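Remarks on the structure that follows.
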2 protein chains.
Amino acid sequence: MTVRSGATILMEGSASPHLYTVLSGWGFRYKMLDDGRRQILNFVFAGDLIGLQGSLMEEMQHSIEALSTFTLCVFQKDGLPKLFGNLPRLAFDVTWLAAREEIMLDEHLLSVGQRSALERAAYLIAFLYQRAKAVRMLNGQNVIPVTQQHIADSLGLSLVHTNKTLKKLADRKALSWGEGGCSVLDEAVLLDISGWEGLPALKRVYI
Amino acid sequence: MTVRSGATILMEGSASPHLYTVLSGWGFRYKMLDDGRRQILNFVFAGDLIGLQGSLMEEMQHSIEALSTFTLCVFQKDGLPKLFGNLPRLAFDVTWLAAREEIMLDEHLLSVGQRSALERAAYLIAFLYQRAKAVRMLNGQNVIPVTQQHIADSLGLSLVHTNKTLKKLADRKALSWGEGGCSVLDEAVLLDISGWEGLPALKRVYI
DNA sequence: CGCGGTCTTGATGCTGTTCAATTGGCGTGG
DNA sequence: CCACGCCAATTGAACAGCATCAAGACCGCG
């Protein structure tokens, strides 16, 4: 299955009959409040599993949107119990991915709750950079295809303040903006500012 | 296994050989930054599984501390692959619990990132109340055994501002403080202020 | 009785929000 | 081809929410 940039893949409240594996493309998970405030929960990369919640629970508790052209591999969600019965290795990997998602969410929550705007922004960009690098989704310019609004909604900051914060990072030559997103220029500076250790070295899992 | 209030059950960075099921008691998961800032990620109740990360990954990425006397059922973590091989039903439930944890984290992140201090506080207290009620861990006074520092570190707010925010909720007769924690007086007011729908109705899982 | 932990409250100021206006790129239609 | 509108980025100014500092009250405990 292929999906265009900007398209919604899964909606909060829907009871999707499907489970997907991302083959290529960028996306993000988010939740919204009634008045329009949006929180981006995490970004989605190749190799990620999406829709597990909709498969295990009654309905999805978050939405997913594509940031670029997105290709997915579709599974029927009722195959999941069978998977656990017949392919324990694979079932284990599904659980492993869920635990990894929790690790990423923990770090985001630490960031949004405790880090300053500058630390948060540096952390997020470094995080996106590392994840993209890990699955070879960066082109030559190291461009992360997001708008500043995405970054703002992920950091829990206003668009204006996000812009001013990113400018500080650009002034330090840590990144530059343009060409359809953010280019990472100096990962070390970002890690240093954020105080983040980087992604834990985890064994890779493919589904 | 029994653990005292205030004791640390698992430490970030440790490679615990154990996986636990909580039989009774209150606890919380948290992460800390080098300079001492602490973010409480979630609270732990009877029926929760803890230490899954340490079992699936190299080491724990967060710590867990007891808020009250805590009893745990200990499993060897190397039993996990066997569990997936021999007890697919139970393995499914482990995954279900991991997905539920993600749902709670998503909502917390939405809260810390987007809601105001008053909304956040109302949401958190209502959340703790609903979870405790679901597993019958409330005594007659509906007391949640936390300090305001715990609430502050969970909300990502300063202790002082948390105190002032809780006072507003107390002024509205939504809760009262004292007797070793927070007493919920009016859940409806909390839900109304927070704009939260309440815990999704999920089937219960016991391990 | 002194001490530490928790809660409380007032004063002050910084961090981040909101409002407002401008710029530039890009696709569309006249 | 150029005018127009739209979207993303940018910037300044005024304001508010929350942090920080400081001090005091209450209570259980050694």
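As the structure is a prediction and not an experimental result, all values here were calculated from the model. Note on naming: letters A, B, ... go to the chains in the order of the sequence lines (proteins, then strands), and numbering restarts at 1 for each one.
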Ion pair B/K173/B/D186, N-O distance below 4.0 Å: no
Five-pair end axes of the helix from C/dC1-D/dG30 to C/dG30-D/dC1, angle between them (10°): 30°
Sugar-phosphate, base or nothing in reach of B/G181, heavy atoms under 4.0 Å: nothing
Results of ring pair (Phe, Tyr, Trp, His ring centres under 6.0 Å) for B/F43 - residues two or more places apart only: none
A/K31/A/D153 salt bridge by N-O under 4.0 Å criterion: no
Set of side-chain hydrogen bond (donor to acceptor under 3.5 Å, both in side chains) partners for A/T95, sequence neighbours left out: B/T95
Sub-4.0 Å heavy-atom contacts from residues 27-34 of chain B onto DNA chain C, ordered by number: none
Sequence-distant partners of B/H150, side-chain hydrogen bond (donor to acceptor under 3.5 Å, both in side chains), two or more places apart: B/T147
List the atom pairs, with distances to 0.1 Å, where a side-chain N or O of residues 2-13 of chain A and a protein N or O form a donor-acceptor pair under 3.5 Å, not counting sequence neighbours.
{"unit_1": "A/S5", "atom_1": "OG", "unit_2": "A/L67", "atom_2": "O", "d": "3.2"}

Set of ring pair (Phe, Tyr, Trp, His ring centres under 6.0 Å) partners for B/W177, sequence neighbours left out: none
Ion pair A/E65/A/R29, N-O distance below 4.0 Å: no
Non-neighbouring partners of A/T69 that pass side-chain hydrogen bond (donor to acceptor under 3.5 Å, both in side chains), sequence neighbours left out: none
Results of side chain to side chain contact (heavy atoms under 4.5 Å, CB included) for B/L159 - residues two or more places apart only: B/Q148, B/Q149
Please write out each protein N/O paired with an N/O of nucleotides 10-15 of chain D under 3.5 Å, distance rounded to 0.1 Å.
{"unit_1": "D/dT10", "atom_1": "OP2", "unit_2": "A/Q148", "atom_2": "NE2", "d": "2.7"}
{"unit_1": "D/dT10", "atom_1": "OP2", "unit_2": "A/N163", "atom_2": "ND2", "d": "3.0"}
{"unit_1": "D/dG12", "atom_1": "N7", "unit_2": "A/K164", "atom_2": "NZ", "d": "3.4"}
{"unit_1": "D/dA13", "atom_1": "N6", "unit_2": "A/K164", "atom_2": "NZ", "d": "3.3"}

Show me the protein contacts with nucleotides 21-24 of chain C, counting only N or O atoms at under 3.5 Å.
none

Touch class at under 4.0 angstrom, heavy-atom based, for A/S158 against every strand present: base
Side chain of A/L157 (C-beta onward), nearest among D/dA9, C/dG16, C/dC7: C/dG16
All side-chain hydrogen bond (donor to acceptor under 3.5 Å, both in side chains) counterparts of B/R120, not counting sequence neighbours: none
